[in-house]
There are 4 protein chains.
Amino acid sequence: MKTRDKIIHASLKLFNERGERNITTNHIAAYLKISPGNLYYHFRNKEDIISSIFLLYESHLDSGFQPYMGQEVSLELLVGYFDTMFETLWEFRFMYDNLTDILTRDEAVLKRYQHTQQQALNRSSHILSKLREDGVLAIEQEQITPLADTMRMIACFWIGYKQTHSINATITKASLYEGLLRVLMIFKAHATPESQGTFTRLEQHYQAMANTCFMPNLDVHSLAS
Amino acid sequence: MKTRDKIIHASLKLFNERGERNITTNHIAAYLKISPGNLYYHFRNKEDIISSIFLLYESHLDSGFQPYMGQEVSLELLVGYFDTMFETLWEFRFMYDNLTDILTRDEAVLKRYQHTQQQALNRSSHILSKLREDGVLAIEQEQITPLADTMRMIACFWIGYKQTHSINATITKASLYEGLLRVLMIFKAHATPESQGTFTRLEQHYQAMANTCFMPNLDVHSLAS
Amino acid sequence: MKTRDKIIHASLKLFNERGERNITTNHIAAYLKISPGNLYYHFRNKEDIISSIFLLYESHLDSGFQPYMGQEVSLELLVGYFDTMFETLWEFRFMYDNLTDILTRDEAVLKRYQHTQQQALNRSSHILSKLREDGVLAIEQEQITPLADTMRMIACFWIGYKQTHSINATITKASLYEGLLRVLMIFKAHATPESQGTFTRLEQHYQAMANTCFMPNLDVHSLAS
Amino acid sequence: MKTRDKIIHASLKLFNERGERNITTNHIAAYLKISPGNLYYHFRNKEDIISSIFLLYESHLDSGFQPYMGQEVSLELLVGYFDTMFETLWEFRFMYDNLTDILTRDEAVLKRYQHTQQQALNRSSHILSKLREDGVLAIEQEQITPLADTMRMIACFWIGYKQTHSINATITKASLYEGLLRVLMIFKAHATPESQGTFTRLEQHYQAMANTCFMPNLDVHSLAS
DNA sequence: AATGAATGAGCATTCATTCAT
DNA sequence: AATGAATGAATGCTCATTCAT
């Protein structure tokens with residue numbers, strides 16, 4: 001891997017593990033066993049590194065949220081989207097510990113972040129619309145975007161929420177699934193009576209996933225069954 | 001006002017306006033035109049100032065969330081609680097820009113914060129239970145606490161969310177009402193058919209309130225009518 | 001006791017226990033539950049307090065080192081002097097942790113200290129002379145002052161020496177007697193053959209004293225026997 | 001010279017001249033016309049600088065106190081040791097102005113210091129034993145270590161003693177020779193009658209050295225004659 | 001590409017001392 | 001005599017960034 005990419009990935013790793021505020025450019029250089037000067041050869045400044053990490057974030061989100069023109073809307077598809085979102089959140093969780101602060105510092109990053117988020121929201125709303133048309137959701141058209149937004153919000157702040165409001169502050173994959181179940185709960189509240197069962201099955205699936213985090217050797221096919 | 005209180009309020013103001021990480025003790029002293037030594041005469045250190053602000057936060061929350069022994073549960077009462085929460089969040093919004101970081105630094109504050117939040121959650125759950133018994137909410141008993149928790153979560157992170165995900169990042173009272181409406185939306189999703197109308201009226205009330213922010217001279221009695 | 005004296009004695013106590021450098025004027029005031037302003041009403045500054053402690057030190061030394069015109073020189077008398085010195089050292093031990101530093105800061109105190117020390121040295125030399133005349137010490141007249149000086153030096157720096165060169169750094173009365181025995185060792189090296197026995201008895205006495213520190217209830221008459 | 005070494009030597013110089021407590025890291029940086037940041041690039045903190053100075057001290061002492069396997073014990077050899085000790089003390093005299101304080105602050109340095117001192121003491125005792133076997137010293141075997149210890153003590157605190165107890169507080173090489181003569185005095189007190197002459201000659205030698213300090217151009221062969 | 005020494009403004013904090021009351 | 005709030009220069013130290021090599 002090129003030095004530039006090494007710096008991005010080391011920074012991301014260290015930021016996630018110990019918080020962006022606690023990681024200096026010298027920490028990153030020392031971790032990679034390169035000189036601080038070399039780090040600044042590849043990046044103008046620390047903000048520039050963060051900006052590059054956001055670029056990575058954006059492409060993760062974009063590639064995981066591909067629209068699905070023409071395909072039939074399935075719950076699996078929708079869940080695929082949420083899987084993507086939660087995985088992205090895990091990968092870039094340092095951002096969500098400190099989102100306001102980071103975005104306030106760099107106007108350009110803020111704009112790009114908002115654009116990416118807006119696109120993700122549009123796609124989510126589009127899917128919710130289809131689910132409504134298909135009789136899965138009992139919801140008025142004008143409530144669709146607010147609902148998508150609420151779900152996104154819970155996803156975005158779940159990590160920060162867990163870290164501050166739960167006794168055990170360490171974030172794990174299991175605690176992320178807990179967040180997913182919370183989103184599903186809201187989803188289910190808007191489900192038509194006929195689709196309640198489907199949502200129940202989804203819940204059971206993710207509950208199993210959360211449990212699996214502690215039993216990693218089990219092969220999981222809970223949804224398929 | 002006593003110097004000690006001046007320091008607390010100036011800190012709160014500056015933290016809210018420019019972020020806690022960007023405000024040094026010297027900034028606070030300079031803003032108040034007192035010496036850094038004087039600031040440290042009144043507070044052991046910066047953490048101590050923050051701790052005192054949290055004390056203020058806790059008493060705001062506690063006094064606004066008085067239990068209502070004996071009274072009849074009304075939507076108005078519940079809404080009063082949310083009004084309190086949203087106003088408190090506004091007053092102490094700097095915390096939510098950086099909650100993980102702040103709470104990680106001071107174990108004692110973390111414990112107190114979590115205790116306060118737990119009590120607020122208990123009271124919310126209690127009210128939801130009553131609403132369920134009164135046939136207002138169609139929700140299983142075991143879903144009550146998760147629902148209360150979700151609503152709290154949206155309340156807690158609404159400001160941070162707005163600040164980072166909306167184009168116009170400036171937080172106003174109107175944008176807080178927007179958050180309130182979002183919570184109501186979730187609420188309404190669990191309403192029994194008979195109480196749908198009540199929730200609709202509530203929505204209209206808060207919508208009016210939000211609009212009034214731009215027309216402050218109008219006397220508002222939207223709920224009464 | 002008057003506030004002024006309370007300040008002197010509290011300062012002495014705190015300096016001895018925790019080191020002069022580690023005790024601020026605010027510490028002293030807080031310990032006495034008086035205001036810093038009051039402390040500065042009684043003393044111009046910290047140096048002034050230290051100067052007053054030195055005054056106390058000087059009078060201790062002077063009163064314990066009264067010349068003994070006319071009396072017969074006895075070993076008991078001499079030992080009385082060393083008892084005084086060691087007790088004074090114990091009482092004012094903070095000085096000897098940091099003597100250079102303290103005396104460098106205040107010219108006037110330095111001069112007074114040196115004067116007091118010179119007088120103590122003169123008296124010691126005078127006694128040694130008599131002991132020589134009485135056939136107790138086998139020493140040339142011109143070696144008398146250097147010998148007195150060496151003994152004083154060991155006395156003065158014993159505490160500092162113990163604190164830095166022994167594994168167990170805590171200073172106790174017992175460790176002071178250890179220093180006394182060291183001085184006696186030098187003394188004995190200059191004893192005439194006839195007086196060796198007397199010095200041996202002295203050593204046994206102080207050895208017993210050192211042991212007594214751990215058995216405080218025993219009545220000690222080791223010298224008398 | 002490398003910056004790191006410059007910092008060590010400048011610190012040593014400034015500490016010796018003005019006392020360690022009175023020299024801040026900023027003083028050192030200013031003296032060397034480097035930035036405080038640069039100083040902290042080379043040293044973790046002030047303790048780290050002091051620790052490095054102690055390393056220097058230890059190697060000075062170790063290299064000057066090489067054991068002398070097989071050689072015949074001569075007074076010259078012994079005196080060589082004391083020369084080393086006194087010169088080392090001169091070079092690092094700031095330590096002895098404040099030894100308790102400095103060693104109390106850093107456990108690791110204390111341990112190393114005590115180890116170095118213990119080794120020096122062992123070697124001194126070993127030499128004294130040989131001198132006793134050779135009929136130079138009239139001393140019981142069990143008194144050897146206390147004697148070595150006493151001599152070391154005088155050496156260690158001579159500078160501090162002179163600085164505080166003599167009218168002319170400025171330390172010179174001549175005043176160091178005075179300390180050496182003091183140690184010799186104790187030594188001589190334990191000499192056998194046959195070796196008294198040798199010690200007298202030694203005294204004369206060092207007396208001459210002390211005088212030479214004021215006549216630096218004279219070639220000194222006082223011992224040889 | 002890379003090194004690593006160097007910068008310097010800034011930070012949280014301390015403490016002897018002052019002063020209005 | 002005494003209070004206690006206030007001062008302000010100073011301290012040890014940090015860290016994003018620069019630059020000669």
Determine yes or no for a side-chain-to-main-chain donor-acceptor pair under 3.5 angstrom, with [X] supplying the side chain and [Y] the backbone.
| X | Y | result |
| --- | --- | --- |
| D:Thr116 | D:Arg112 | yes |
| C:Asn22 | C:Arg18 | yes |
| B:Ser51 | B:Glu47 | no |
| C:Gln114 | D:Thr164 | yes |

Given atom [atom1] of [X] and atom [atom2] of [N], what is their separation to the nearest angstrom?
| X | N | atom1 | atom2 | answer |
| --- | --- | --- | --- | --- |
| B:Ile50 | E:dT13 | CD1 | C1' | 15 Å |
| A:Asp5 | E:dA1 | CG | P | 11 Å |
| C:Ile7 | E:dA16 | CD1 | P | 14 Å |
| A:Ile28 | F:dA16 | CD1 | P | 8 Å |
| B:Arg44 | E:dA12 | CZ | P | 16 Å |
| C:Phe43 | E:dT17 | CZ | C1' | 15 Å |
| C:Arg21 | E:dC15 | CZ | C1' | 12 Å |

Handout entry: For A:Asp48 against A:Arg44, the heavy-atom pair lying closest together
Key = OD2-N, 3.0 Å
What does the list of N/O pairs under 3.5 Å between the protein and nucleotides 3-7 of chain F look like, with a distance for each?
residue	atom	partner	partner atom	Å
F:dT3	OP2	C:Ser35	N	3.0
F:dT3	OP2	C:Ser35	OG	3.4
F:dT3	OP2	C:Asn38	ND2	3.3
F:dG4	O3'	B:Tyr41	OH	2.7
F:dG4	N7	C:Gly37	N	3.4
F:dG4	O6	C:Gly37	N	3.4
F:dA5	OP2	B:Tyr41	OH	2.1
F:dA6	OP1	B:Thr3	OG1	2.9
F:dA6	OP2	B:Thr3	OG1	3.0
F:dA6	OP2	B:Asn38	OD1	3.1
F:dA6	OP2	B:Asn38	ND2	3.1
F:dA6	OP2	B:His42	NE2	2.7
F:dA6	O5'	B:Asn38	ND2	2.9
F:dT7	OP2	B:Ser35	N	2.9
F:dT7	OP2	B:Ser35	OG	3.2

Problem - B:Phe15 and B:Phe94 aromatic ring geometry - parallel, tilted or perpendicular at 30°/60° bounds - result: tilted
Practice task
State, yes or no, whether a side-chain contact exists between C:Lys111 and C:Glu107 at a heavy-atom distance under 4.5 Å.
Solution key: yes
Exercise for the section: Output all residues satisfying side-chain hydrogen bond (donor to acceptor under 3.5 Å, both in side chains) with A:Ser59, sequence neighbours left out; order by chain, then residue number. Expected result: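 side-chain hydrogen bond (donor to acceptor under 3.5 Å, both in side chains) check on A:Ser59 returns nothing, list empty.
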Problem - Which residue lies more 5' along DNA chain F, comparing A:Asn22 with D:Thr25 via nearest heavy atoms - result: D:Thr25
Problem - 5'-to-3' dot-bracket of DNA chain E (Watson-Crick, G-U; under 3.5 angstrom; crossing pairs as [ ]; | other strand) - result: .||||||||||||||||||||
Problem - Sole residue of B:Asp101, B:Asn98, B:Asp97 in side chain to side chain donor-acceptor pair (under 3.5 Å) with B:Arg21 - result: B:Asp101
Practice task
Give B:His27 one of three labels, base, sugar-phosphate or nothing, depending on what nucleic acid heavy atoms sit under 4.0 Å from its own.
Solution key: sugar-phosphate
Practice task
State whether D:Tyr40 places a side-chain N or O below 4.0 Å from either non-bridging phosphate oxygen (OP1 or OP2) of F:dT14.
Solution key: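 Indeed not, no polar side-chain atom of D:Tyr40 lies that close.
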Problem - Closest to side chain of C:Lys46, choosing from E:dC11, F:dT11, E:dA16 - result: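 Shortest atom-to-atom distance from the side chain points to E:dA16.
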